[in-house]
Number of protein chains: 2
Amino acid sequence: MADMTPATEGFILHWGEMGTKWGINRTVAQIHALLYLSPKALNAEQIADTLSVARSNVSNSLRELQGWGIVKVVHVIGDRRDHYESMKDVWEMFQIILDERKKREIDPTLAILRELTAKAKKSGAKDAHTHERLKDMLNFFESMSAWYAQIRRLPQAAFIKFIKMGDRVRKLLGFAGR
Amino acid sequence: MADMTPATEGFILHWGEMGTKWGINRTVAQIHALLYLSPKALNAEQIADTLSVARSNVSNSLRELQGWGIVKVVHVIGDRRDHYESMKDVWEMFQIILDERKKREIDPTLAILRELTAKAKKSGAKDAHTHERLKDMLNFFESMSAWYAQIRRLPQAAFIKFIKMGDRVRKLLGFAGR
DNA sequence: TCGTTCTTTCTGTCATAACAGAACATTGCC
DNA sequence: GGCAATGTTCTGTTATGACAGAAAGAACGA
């Protein structure tokens, strides 16, 4: 890794590790980290050089990041090459990641849980316990999903304010839950 | 996979896939799914037979699940063998999983972000932009972490009620955020 | 249109982690 | 203590996905 301050390098390495623990390719996460920290858009070659990975690896990883919607191509006048930059707003970025993971993983899970719960119900006594368990699981996912849809619709400022309210959240909920 | 209804088998397979997407070993997730659905505690051999995996694989996976705190050993009278059962309360289960992932992954990230943010600040102008970005990221993680600590302290019933409030959440927040 | 630059896709290699089977260790009974 | 049953650890194999490098494909300028 050439040309990086210790802070930059440290973040890129840790972000890469974090990625692997959450099912995201290390290089993908590292590129994202690099672009997030970079004050200006970078081209693929710069990325490959900085992280010491193959050009092809960068190409595929960038496609992945674009698929997530957190990195986009920009153009620099007088330069044919594609340049890439990451979204900088952290709150928006994580909202997008959550949206995407919900769409890719939670929604299909919901669909399958509905299907299997119905199936277990139909098959009667021998699946009675299974049905019960699946129903609980389905109920959980549906509740969480609906809740997320609610807070997701809040304007970002309101959401941030809500998160940052701190202790008042509990009082509020103590009141509202009654 | 012997001796399973389609609903059971479907859930186990899907849960295994879900696991891999979230950085959890497929077999570990499958065993968890099996135990979650099972009306009674199972011994290691039953698990190995049902899922067609090696006994050693089951042993290691069970250790992992016990490490997460969502599976525990129980004993059946007149039977020397260890039997295993999963926690059945879905809400509690996910709370535990979130706690654990926070402890293992988010807290270390926070520590590193603090360290790197400080380092970037000290190194002055050449890291000014990096410092800015790291500070944003740190701020996000700290806010989320504090928020989680708040809702985490709620009694479970209140939490569930809150999640299930549905549309009222937004009105509440509209009011509270002002 | 040809050559240059840049990007993507394809193919084979490599690293990692999952896994099976065997060896080993422990437990409890006779 | 010895033996059967159970559980864990170790070792080598296998499967998977990450990756490099080469080849192919576009885009563009001359």
task = Using the rule that two of Ile, Leu, Val, Met, Phe, Trp, Tyr join whenever any of their side-chain heavy atoms come within less than 4.5 Å, decide whether Val58(A) and Val73(A) are in one cluster.
result = yes

request  = Would you list the pairs meeting salt bridge (Lys or Arg N to Asp or Glu O under 4.0 Å) in which at least one residue belongs to residues 92-105 of chain B, sequence neighbours left out?
outcome  = Asp99(B)-Arg152(B), Glu100(B)-Lys103(B), Glu100(B)-Arg104(B), Arg101(B)-Glu105(B), Lys102(B)-Asp107(B)

task = Please list, chain by chain and in numerical order, all residues satisfying side chain to side chain donor-acceptor pair (under 3.5 Å) with Glu17(A), sequence neighbours excluded.
result = Arg26(A)

ask   = Any side-chain hydrogen bond (donor to acceptor under 3.5 Å, both in side chains) pairs touching residues 110-122 of chain A, not counting sequence neighbours?
value = Arg114(A)-Glu142(A)

query = Taking DNA chain D as the partner, which of residues 14-25 of chain B come within under 4.0 angstrom of it by heavy atom?
reply = none

request  = Report the residues that fulfil ring-ring contact (aromatic ring centres under 6.0 Å, His included) with Tyr84(B), sequence neighbours left out, ordered by chain and then residue number.
outcome  = none

message = Between Val71(B) and Val74(B), is there shared hydrophobic-cluster membership here, with clusters defined by ILVMFWY side-chain heavy atoms closer than 4.5 Å?
response = no

inquiry  = His83(A): which residues meet the side chain to side chain donor-acceptor pair (under 3.5 Å) condition with it, sequence neighbours left out?
reply    = none

note = With a 4.0 Å cut-off (strictly under) to non-hydrogen atoms of chain A, the first and last hit nts on DNA chain D, 5' to 3', are dA18(D) to dC28(D)

Within the sub-3.5 Å range, which N or O atoms of nucleotides 8-15 of chain C have a protein N or O partner, and how far apart are they?
residue: dT8(C); atom: OP2; partner: Ser59(A); partner atom: OG; Å: 3.1
residue: dT9(C); atom: OP2; partner: Arg63(A); partner atom: NH2; Å: 2.5

inquiry  = What is the separation between atom CD on Glu45(B) and atom C1' on dA20(C), rounded to the nearest whole Å?
reply    = 16 Å

query = So, Thr8(A) versus Thr5(A): side-chain donor-acceptor pair below 3.5 Å or not?
reply = yes

message = For Glu45(B), give me all partners under side chain to side chain donor-acceptor pair (under 3.5 Å), at least two apart in sequence or on another chain.
response = none

task = Taking ring-ring contact (aromatic ring centres under 6.0 Å, His included) as the test, write out the residues that go with Trp91(A), two or more places apart.
result = Phe140(B)

inquiry  = Hydrophobic cluster membership, with links at side-chain heavy-atom distances under 4.5 Å among I/L/V/M/F/W/Y: are Leu98(B) and Trp147(B) in one?
reply    = yes

key: salt bridge (Lys or Arg N to Asp or Glu O under 4.0 Å) partners of residues 52-78 of chain A, not counting sequence neighbours, each pair once   = none

task = Check step by step if side-chain contact (heavy atoms from CB on, under 4.5 Å) holds for Glu85(B) and Ser38(B).
result = CA-CA 8 Å; Glu85(B) 70 179 17; Ser38(B) 176; over 6 Å; no

Look for any protein N or O under 3.5 Å of an N or O in nucleotides 25-27 of chain C and output each such pair with its distance, or none.
residue: dT27(C); atom: O2; partner: Arg80(B); partner atom: NH2; Å: 2.8

Between dC29(C) (P) and Arg81(B) (CZ): distance, integer Å = 14 Å

inquiry  = Rounded to whole Å, please give me the gap between CG in Leu42(A) and C1' in dC6(C).
reply    = 16 Å

key: Pairwise 5' ranking along DNA chain C for Ala54(B) and Arg26(A), keeping only the more 5' one   = Arg26(A)

